[in-house]
Amino acid sequence: MKRPIFAAGLCAVAWIGGACGQLMTEPPPAGDDFESPFEGLSADLNAAFVAGDENFAKSFTIDEGLGPIFNNVSCEGCHPGDGRGTPAVGFFRFSEGKDLALDKGGAQHQDKAIPGAPPEVLPPGVDRSFRIPPPVFGVGLIEAIPVETILAREDPDDADGDGISGRAHWVSSPDYVSEAHVGGGDGIQLGRFSRKAQVSSLLQQVVEAYHEDMGITSDFLPEENSHAQAGGVALGDQVPDPEISAATVLTTVMYVRLLAPPKRGPITPQVERGEVLFHQAQCHTCHAPTMRTGASSVAALSYVDAHLYSDLLLHDMGEGLADNRPDGDATGREWRTAPLWGLRLVPDFLGGQAFYMHDGQSTTLHDAIVRHGGESAASRDAYMALDQVDQEALVAFLESL
């Protein structure tokens, strides 16, 4: 039912990096991919998954409303195999302090444009943050974790004195996200998606991806992305708005909701040793191994342990990882703890090359660990104090997730 791993969108991204020849040429074993649904879905949900899969893979053309300014032509173009992207398909977000700099083209830099419209340029003097697209799988489980479960791990004032002060990111939901959606409705909502937990609902995440990344309007955001640097909406997109329906968006939302995280790899003695070291270094304080979901309309997501290795909270990660760009109430030094599930398969979906951290600048897990600072400095130092054999064991544990 799923397409092979050498799908056109994935090959195109690998071609940008010059590594298409390294891609796997047959479907991976069950559980060894990022683009399979949860097991045991009903016939209706399986049908929605297949339809949403087509939406995710669809490459938009100018005649279908692409642009006028955009970053990529499809969801899959940024998320090859539904995993993380690469620096080649990353993008900048920018602002001036807490001002989104909308009058200068913020908050996202669209570096491509259709004929007749100039692409945006990064304005001088703004706070900029380069980001690679995060993985898509497993977000349905994250959506199903109760608010109180996430808040139970909060310690904003470091009351226990362990140096870790994770805090929730409370945000306002867009008007088009009703209370029928997790993270929607009036009042502040718990942010749980995106790099700084600045997004509270999967609907908002998908709607804004269509709108910002591809320039595709929908019933939820029916007006084109304003091209402030060209004096307003750029000429050239002659397709009536909205360009896709609410039904298309909601089917795509259901698709990402139903994407299952990959299974764990083999548990070797080295991996077992690495897991012990992971806990001894207190990495699990932020990268919480599991959180249990609550009730969900999808049975496969209800009351199960999500092995995400994240607390979904904001943490000060130090000056070395700071982008100096606030996002909502998140400061320029704070990031949401990134889930670690699926780490073992990252190179398989990126032409043999791995990219880690929000900016993709770490190509090994060792380097990603070393870059940790702020609240995670003690855990980083504990890792650095290990001998080479134990460092390799801890990395082997991460590579089993």
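Applying the ring-ring contact (aromatic ring centres under 6.0 Å, His included) criterion to F34, with sequence neighbours excluded, gives F137, F349. Residues passing the ring-ring contact (aromatic ring centres under 6.0 Å, His included) test with F91, sequence neighbours excluded: none.
D99 places a side-chain heavy atom less than 4.5 Å from the side chain of E96. Annotation: side chain of I145 is in contact with side chain of R192 (closest heavy-atom distance under 4.5 Å).
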Original post:
Can D305 and T290 be said to form a side-chain hydrogen bond (donor to acceptor under 3.5 Å, both in side chains), step by step?
Top reply: CA-CA 6 Å; D305 289 332; T290 63; 5.0 Å; no

**OP:** Evaluate side-chain contact (heavy atoms from CB on, under 4.5 Å) for R84 paired with Y356, printing each intermediate quantity in order.
**Re:** CA-CA 9 Å; R84 71 189 62 211; Y356 305 107; 3.9 Å; yes

**OP:** Let me see the working for D367 and T364 under side-chain hydrogen bond (donor to acceptor under 3.5 Å, both in side chains), right down to the final yes or no.
**Re:** CA-CA 5 Å; D367 182 67; T364 67; 5.4 Å; no

Subject >> Chi angles and distances behind the side-chain contact (heavy atoms from CB on, under 4.5 Å) call for R257, L301 >> reply: CA-CA 9 Å; R257 178 178 290 126; L301 304 178; 3.9 Å; yes

Subject >> Pair H284-F278, side-chain contact (heavy atoms from CB on, under 4.5 Å): steps then yes or no >> reply: CA-CA 7 Å; H284 70 289; F278 181 83; 3.9 Å; yes

**OP:** I would like to know whether Q270 and V389 meet side-chain contact (heavy atoms from CB on, under 4.5 Å); could you show each step before the answer?
**Re:** CA-CA 9 Å; Q270 184 189 36; V389 172; over 6 Å; no

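Between S400 and the choices E275, E272, R344, R264, the side chain to side chain donor-acceptor pair (under 3.5 Å) rule is met once, by R264.
Nearest heavy-atom pair, R333 versus A322, reported as atom, atom and distance to 0.1 Å: CG-CB, 3.8 Å. Of all heavy-atom pairs between I142 and P339, the closest is CD1-CG, 4.3 Å. D158 and I164 get closest at one heavy-atom pair: OD1-O, 3.4 Å. When all heavy atoms are compared, the tightest approach of A281 to S379 is O-OG, 2.6 Å. When all heavy atoms of Q198 and R195 are compared, the pair lying nearest together is OE1-N, 3.9 Å. Annotation for S173 and V177: closest pair OG-CB, 3.3 Å, computed over non-hydrogen atoms.
With respect to the salt-bridge test (charged N to carboxylate O, under 4.0 angstrom), the residues D311 and R153 do not qualify. The pair R336-D327 does not meet the salt-bridge criterion, since no charged nitrogen lies less than 4.0 angstrom from a carboxylate oxygen. At a threshold of 4.0 Å, the pair D390-R273 counts as salt-bridged, since one of the basic side-chain nitrogens sits closer than that to a carboxylate oxygen.
With hydrogens and angles disregarded, no donor-acceptor distance shorter than 3.5 Å links the side chain of D323 to the backbone of S129. Of the possible polar contacts, none joining the H279 side chain to the T285 backbone as a donor-acceptor pair under 3.5 Å is found. The main-chain N or O of V182 is never found under 3.5 Å from a side-chain atom of S201 such that the two would form a donor-acceptor pair. Here the side chain of D316 pairs a donor or acceptor atom with the backbone of G318 at under 3.5 angstrom. Using a distance-only test at 3.5 Å, with no hydrogens or angles considered, a donor-acceptor pair links the side chain of S310 to the main chain of T337.
In this structure, CD in Q205 is found 5.0 Å from OG in S194, a value given to the nearest 0.5 Å. To the nearest 0.5 angstrom, T252 atom OG1 is 10.0 Å from D53 atom CG.
A salt bridge (Lys or Arg N to Asp or Glu O under 4.0 Å) check over residues 60-73, counting only residues at least two apart or in different chains, returns the pairs K58-E64.
Within the 6.0 Å centre-distance limit, the rings of H366 and Y383 are counted as a close aromatic pair.
Between Y255 and F56, the angle of the ring planes lies from 30° to 60°, which puts this pair in the tilted group. Using cut-offs of 30° and 60° on the angle between ring planes, the pair W335 and H358 is parallel.
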